[in-house]
Amino acid sequence: MKRFALPKSSLLRKSGEFNLVYRQGRRLRGPGFLLVCCGSGLPGSRLGISVPAKTGCAVRRNRIKRLVRETFRLHRDIFPSSSDIVFAVRPEFTLDGLNEVRAAVAELTGLPERHDAAAA
RNA sequence: UGGGGCGGACGCAUGAUCGCUCCGGUCUUUGGGCCGGAGAGGAAAGUCCGAACACCGCAGGGCGCGGCGGUUCCUAACAGGAACUUCGGGCAACCGGAGGACAGUGCCACAGAAAAGACACCGCCGAUGGGACGGGCGACCGUUCACAGGCAAGGUUGAAAUGGCGAGGUAAGAGCUCACCGCUUGCGUGGCGACAGGCAAGGCAAGGAAAACCCCGCUGGGUGCAAGACCAAAUAGGGAAACGCUUGAGGACUGCCCGUCCAAGGUUUCCGGGUGGGUUGCACGAGGUGCCGGGCGACCGGUGUCCCAGUCAAAUGAUCAUGGCCUGCAGCAGCAUCGCAGGAACAGAAUUCGGCUUACAGGCCGCCCCAAUUU
RNA sequence: CGGAACGUAGCGCAGCUUGGUAGCGCACCUGAAUGGGGUUCAGGGGGCCGGAGGUUCAAAUCCUCUCGUUCCGA
C-alpha cells in the first residue's frame with residue numbers, strides 16, 4: 001500500500017453516510033469552515049467534503065474540494081484517526097493555498113505534524 | 001506611420017515527484033500490484049431557439065393560444081447561415097433595419113382652431129350680393145362698413161398639421177394651370193424572385209404606431225435522460241392485465257368543443273409498490289480531418305484516414321525547477337541585457353448534436369478602408 | 001440537470017393589463033399640544049422603478065440581452 005494514496009474507498013460518497021456523521025459527529029469550528037468528526041471503527045479515516053452552491057462558481061467550488069482533498073491525502077496525521085470526517089465549507093471561506101488549509105486544520109485538531117509527511 | 005472595418009487561429013511550454021478516473025496487456029494470495037495509453041472549452045456557461053432519442057392508452061377534426069416575417073437558396077431542423085434587394089448611418093472599408101395602417105376596432109397625454117372621411121382662433125379678401133355716405137336727370141360710378149359670403153397664403157401649438165419648390169393666375173386664394181421632384185394607376189422590358197429602370201396617363205387621394213388588438217403567409221401534440229428499460233435484496237399495507245355485465249359521476253388525450261379512450265362496482269388471471277442501490281440509456285456521431293470535384297457563397301458529393309473525457313457528494317489535481325510573456329522598481333540621455341518584486345483572463349463536461357447570446361488578461365495572422373509622409 | 005416566479009423610498013407592498021401625474025402604510029424630519037415623554041393633529045423630505053440596449057414623440061409599463069434572489073421536481 002502506497003503511503004499517500006487516496007482511493008475512492010477513503011472518501012464518503014453516500015448521502016446516508018453524510019447524514020450519519022452530521023447526526024452523531026463532534027463539531028469543530030474553523031475559519032470559514034466546519035469539521036464534523038465521528039468515530040467509525042474502521043482502520044482508516046474517511047473524508048467527505050461539502051461545498052454549498054453559495055460559495056461561488058463551479059471552478060471555485062472544485063478548487064476548494066481539490067485543496068481539501070490534497071491536504072487530507074498528504075497530511076493524514078493531522079486529522080482524527082479511525083473516523084469519518086466531513087469538511088463543511090461555508091460561503092465565507094477565504095483560505096487559498098495548501099499551507100493555509102493545513103495550518104488551519106492542524107490548529108483546530110491540535111494533532112502534531114509528522115516531519116516526513118511535511119517534507120514530501 | 002497613425003486611426004478604423006471585417007475575418008481566422010491561439011489562449012502558457014518543458015521536466016521531476018506525489019495523486020485521481022477509464023481502457024488494454026500481464027502477474028496474482030482475487031484485496032490488488034506492475035507496464036503502456038487516454039483524460040475539459042471556445043465559450044464546456046446562460047438555457048434563448050432548433051433537432052435527435054424516449055415515454056405519455058399511439059395524439060384525428062374544428063376553435064383558441066404561441067412562434068416566425070424583404071427575396072432566393074443552404075440545412076435533419078431553426079428565431080441560424082449565404083448571396084442578393086431596398087431604406088437608414090458612416091468620407092470610406094463596412095454596419096444596422098425589413099409583410100400589411102384604403103379588412104376592421106382602438107390609441108396619439110399636455111398644448112393647439114384643428115390629431116385624422118380635416119378645421120377656421122388670429123388672419124387675408126370682400127370680386128358677387130347687401131347696408132351707409134357722396135356724385136350723376138338717369139343708366140351707373142366712387143368711397144366706406146365687414147352683414148351675407150369667399151379663402152387657407154402667412155402666424156400660433158406640437159414629436160407629428162392633409163404633397164414640396166418656383167412661376168403663372170386671382171378680389172384674396174387654391175394642382176386652379178404649368179415645369180421639375182414626389183405620389184397613384186396602366187403598359188411593356190430585365191430578373192426564379194424581392195425589385196430595378198423606361199414610357200404614358202391621372203391630377204393630389206396620402207400622418208404615426210402592428211416590440212396595441214389584429215389581418216395575411218408559414219409553422220408548433222405534451223413531457224422531458226430526474227425521459228425510459230432491466231436486475232437483485234427486502235417486505236404485504238396494495239398494484240397490474242383481461243372481460244365490457246351494471247353505472248355514465250370523475251379523469252386522460254390539448255386550454256375548449258366534437259370524437260376517442262380511461263374509469264367506479266363485479267368476475268377471472270398475474271405480481272408487484274415505497275425507500276435506497278446496481279446495470280443500461282451513455283458516447284461511432286446530421287463526427288473530426290487531408291485530398292479531389294461542383295457552387296459567387298453558405299454548403300454539397302466522392303475518396304482516404306482517425307477514434308477523440310465518460311464522472312454520479314461528480315475524476316482531469318498539488319508541489320518544485322527551468323524557460324518564455326506582461327507590469328512595477330532600480331539602472332540608463334534613450335533602448336537592449338542583467339537584478340529584485342509581483343501578475344497571468346473568462347471559466348469546469350453531466351443524454352447527445354446544430355445554432356444564438358453573454359463573459360474573456362494577453363499577444364498572433366490575413367484581407368480591406370481613410371489620413372499623413374516618402375518615391 | 002430540468003421547470004417556474006419575483007426585483008419600485010430605510011422596510012413591507014400598489015401602479016404594468018389598456019405606455020404620458022410614480023402612490024399607500026410603517027419609519028424619518030419640522031411645527032402644534034405637554035412641566036417632559038408617548039399618543040394625537042398639521043406640514044415636509046427622500047426614488048434616476050436591479051442593469052444595458054431597442055420600439056415609440058414619450059417606457060416603471062412593450063421587446064431583447066444580462067445580473068441577483070426565491071420556490072418546485074428523483
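Here is how names work: the chains are called A, B, and so on, in the same order as the sequence lines, proteins then strands, and each is numbered from 1. Worth knowing before you read on, the calculation uses all heavy atoms, side chains too, and leaves out hydrogens, waters and symmetry mates.
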**Prompt:** If pairing requires Watson-Crick or G-U wobble contacts with both distances under 3.5 Å, which nucleotide is the partner of rG238(B)?
**Reply:** rC271(B)

**Message:** Let's test this: given Watson-Crick or G-U wobble pairing with both distances under 3.5 Å, identify the partner of rA200(B).
**Reply:** rU185(B)

**Message:** So which atom in Pro31(A) and which in Ala104(A) form the shortest heavy-atom distance, rounded to 0.1 Å?
**Reply:** CG-CB, 4.2 Å

**Request:** Search all heavy atoms of Lys65(A) against all heavy atoms of Ile49(A) and return the closest pair with its distance.
**Result:** O-CD1, 3.5 Å

Options [options], nucleotide nearest the side-chain atoms of [X]:
X	options	answer
Arg73(A)	rC18(B), rU316(B), rG348(B)	rC18(B)
Arg69(A)	rA313(B), rC18(B), rU316(B)	rU316(B)
Arg66(A)	rC18(B), rA313(B), rG348(B)	rG348(B)

Could you measure between the two [atom1] atoms, the one in [N] and the one in [M], and give it in whole Å?
N	M	atom1	result
rC312(B)	rU351(B)	P	14 Å
rA167(B)	rG173(B)	P	13 Å
rA309(B)	rC23(B)	C1'	12 Å
rU162(B)	rA118(B)	P	12 Å
rC67(C)	rA359(B)	C1'	12 Å

Rounding to a whole Å, what distance do you find between [X]:[atom1] and [N]:[atom2]?
X	N	atom1	atom2	value
Leu74(A)	rA318(B)	CG	C1'	7 Å
Glu70(A)	rA315(B)	CD	P	14 Å
Glu100(A)	rU319(B)	CD	C1'	15 Å
Leu98(A)	rC320(B)	CG	C1'	13 Å
Asn62(A)	rG41(B)	CG	P	15 Å

**Prompt:** Does the side chain of Lys65(A) get closer than 4.0 angstrom to OP1 or OP2 of rA314(B) through an N or O atom?
**Reply:** yes

Give me syn or anti for [N], where syn covers glycosidic angles within 90 degrees of 0.
N	value
rG290(B)	anti
rG248(B)	anti
rA77(B)	anti

**Asked** Heavy atoms under 4.0 Å, any strand shown: does Leu12(A) hit a base, just sugar-phosphate, or nothing?
**Response** sugar-phosphate

**Request:** Remember a base hit wins even if backbone is also touched, and classify Arg63(A) as base, sugar-phosphate or nothing at under 4.0 Å, heavy atoms.
**Result:** sugar-phosphate

**Item:** N/O donor-acceptor pair under 3.5 Å between Thr109(A) side chain and Ile78(A) backbone
**Value:** yes

**Request:** Go through the steps for Leu28(A) and Leu34(A) under the test side chain to side chain contact (heavy atoms under 4.5 Å, CB included), then give the verdict.
**Result:** CA-CA 6 Å; Leu28(A) 298 171; Leu34(A) 196 69; over 6 Å; no

**Asked** Parallel, tilted or perpendicular: which describes the rings of Phe33(A) and Phe87(A), with under 30° parallel and over 60° perpendicular?
**Response** parallel

